[in-house]
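The structure under discussion appears below in the form of structure tokens.
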Amino acid sequence: MATDRAVARVLAAQAATPASAPTSPPQAPAADMARLSGIRAELSARPPVDGERVAQIKRAIATGTFPILPATIADRLLAVRYEWMSDEQA
């Protein structure tokens, strides 16, 4: 009978689902949610870039006083590459 097969498929699917699987993500306490909401509002009120720092760097480049340190640049490029490699293996 077709109905018996449909019921068997539903029962099999239910049995395959782990009983410990969470049905919804855990909820953070209300105090944490309020604090995070305040942080979100504070960060969204500020521009994503520090305009004064950008201006300082532009002035340093224009006057030729911006420090270019090849060893530091190389170290940071290698660090980024190693970080990418660890992400690829995960």
Ignoring hydrogens and angles, write down the donor-acceptor pairs under 3.5 Å from the side chains of residues 40-51, residues two or more places apart or on other chains.
unit_1: S44; atom_1: OG; unit_2: R40; atom_2: O; d: 3.1
unit_1: S44; atom_1: OG; unit_2: A41; atom_2: O; d: 3.0
unit_1: D50; atom_1: OD1; unit_2: E52; atom_2: N; d: 3.3

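- With rounding to the nearest 0.5 angstrom, the CZ atom of F66 is 13.0 Å from the NZ atom of K58.
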Hey, mind stepping through V80 and E83 against side-chain contact (heavy atoms from CB on, under 4.5 Å) and telling me if it holds? CA-CA 5 Å; V80 168; E83 184 177 317; 5.6 Å; no
Under 3.5 Å, which donor-acceptor pairs do the side chains of residues 68-79 form with other protein atoms, sequence neighbours left out?
none

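- Rounded to the nearest 0.5 angstrom, I57 CD1 and T65 OG1 are separated by 11.0 Å.
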